[in-house]
Amino acid sequence: MREEKQTSFLPISKLLLFFIPLGLSASLVTFSHIIINGTLARGEEAEVIISSYVIAMSLFAITERLGVLLRHTCSALVRDKVSFKAVLHVATYVLLVLMFIATTIAYTPIGKWIFTYFFGAESAMVSQIIEVYQILIIVTFFSAIRCLFQGVIILERQTKWLTIGMIIRLIVMYLLSLYFIKGGNITAVTGAYIFLAGMMVESLVSYLEGRLLVKKLKEKQANHTVTTKKQVFRFYSPLIWSSLIIVMVGPFINAFLGKTNEIELAIASYALALSVTQLILSFFTYVHQIVLSFYNENSKKVIQFTSVIGIIPAIVLAIICFTPLGPLFLETVLGANERLVEASMDCLHVFLIMTIVFPCIDFCNGILLIREQTKAMLITQSTNLLITFLILLVGSSLVPNWNGVIGALAQSVGMVGELAVLLFIVLKGGATLHQQKKRKEKEQSIGL
């Protein structure tokens, strides 16, 4: 566990130059999905094509999430070439396992069974879904490489390269989209090829810049203790399990929304409201990286900065909720009808809780990453899932007429519960560190 220090002068401009490119790169991801969906919508039987692509992507998102965790691991543990090599070895093992799992799903009857019975896909769609997933295996490879070297880029505070990489990715995806639209032969696999091309380009940008930064690292930093694969696995493995826990929230909510009075309206209004909320929050999903990069340098300034930017999502969503802008956006931009607009607005009012809580959770998770207390995330995210389940169970049984609001309430209150446990762990850990520091100072003062 690294000792927390707060001594250096840290100007706000430095934090903004670090954070804004990260926020932009996260927000721009939304446009990559818009490009793909806009292309697929021009194909014959667009509903079947889009559904096939979405189902394949939903499984891909689970495996890719484990690769994305390499970004956190790298930026938290790498400080020199020795620690980078240790993380690289672990990343290699993780990638091989992910590729093996994905290949098994794509090229054996297991995949057909998963997509048919677990995801409920119609038999006519399964072949298309598997074709898409076979391309996404390659995407998994490039995504893991991207995240590994983005961890180094974030570590060295060169976050502009994440935005540059994302902009180049979007340009390539858009040009390829125009090529497919002009050709006219659009299938679900078309979306996978566009996604693969974009990921390859972004991965290349991250790799080239990341390798240059790795070469500039010291061979061995004197006060850094991470040197072995075992130490990296000890940090990384709890992140895997906690991610697998939290990824179950979505399926739980969708399953219980199927028990409401108006199923289609409940699912549609919840999904629409969640997409708007996530769009607002996307810019602020890297608060933990601010903590990882600057907390030990000046914890007071980091707390002040994150407190200010943390209230922005709630302010933005409040404007959408309590002014005519919200219904206008849902109706004109997202194409919702009057009934769906009203139901979605009810969900958005509840999601205000999430916009308040999420930046706090991300900040506390950053503290846990700094302290290498990733095992604690198993407790916090299990709490989230348990509370979400209980709210869904009670809500669907007692007030099924609340429809999509039940899902929004369950997800938001689950995050409140997660934050409560996080705060307890973080504050308790802070008190322990303070006591250890005092004890060490006392021992040094008496010459022990």
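The structure presented is a predicted model; accordingly, all values stated were derived computationally and were not measured. In what follows, residues are counted from 1 in the order of the sequence shown.
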Parallel, tilted or perpendicular for [X] and [Y], by the 30°/60° rule?
{"X": "Phe19", "Y": "Phe284", "result": "tilted"}
{"X": "Phe351", "Y": "Tyr270", "result": "tilted"}
{"X": "Phe252", "Y": "Phe256", "result": "perpendicular"}

Test Asn384 against Glu418 for side chain to side chain donor-acceptor pair (under 3.5 Å), laying out the working first.
-> CA-CA 5 Å; Asn384 185 333; Glu418 180 182 354; 2.7 Å; yes
Does the side chain of Leu208 reach to within under 4.5 Å of the side chain of Phe149, using non-hydrogen atoms?
->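 They are not in side-chain contact.
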Hey, are the side chains of Phe358 and Pro313 touching, using non-hydrogen atoms and a 4.5 Å cut-off?
->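 Side-chain contact under 4.5 Å: no.
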Reported CG-to-CZ distance for the pair Leu170 and Phe31, which is rounded to 0.5 angstrom =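 The CZ atom of Phe31 is 8.0 Å from CG of Leu170, to the nearest 0.5 Å.
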How long is the gap from CD1 on Ile137 to OH on Tyr107, to the nearest 0.5 Å?
->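 So the gap between those two atoms works out to 5.0 Å.
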Does OH belonging to Tyr207 count more than 12 external heavy atoms closer than 6.0 Å?
->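 Counting other residues, nucleotides and ligands, OH of Tyr207 stays at 12 neighbours or fewer.
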Evaluate whether atom NZ of Lys85 has more than 12 neighbouring non-hydrogen atoms of other residues, nucleotides or ligands under 6.0 angstrom away.
->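 Counting other residues, nucleotides and ligands, NZ of Lys85 stays at 12 neighbours or fewer.
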Taking atom types as modelled, find out whether Gln373 and Lys375 have a side-chain donor-acceptor pair closer than 3.5 angstrom.
->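 No pair is found: no donor N or O on one side chain lies under 3.5 Å from an acceptor on the other.
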Any donor-acceptor N/O pair, Lys301 side chain to Leu10 backbone, under 3.5 Å |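 Such a contact is found between Lys301 side chain and Leu10 backbone.
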Given the side-chain rings of Phe294 and Phe18, with only the six-membered ring counted for Trp, is the space between their centroids under 6.0 Å?
->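 Under 6.0 Å, so yes.
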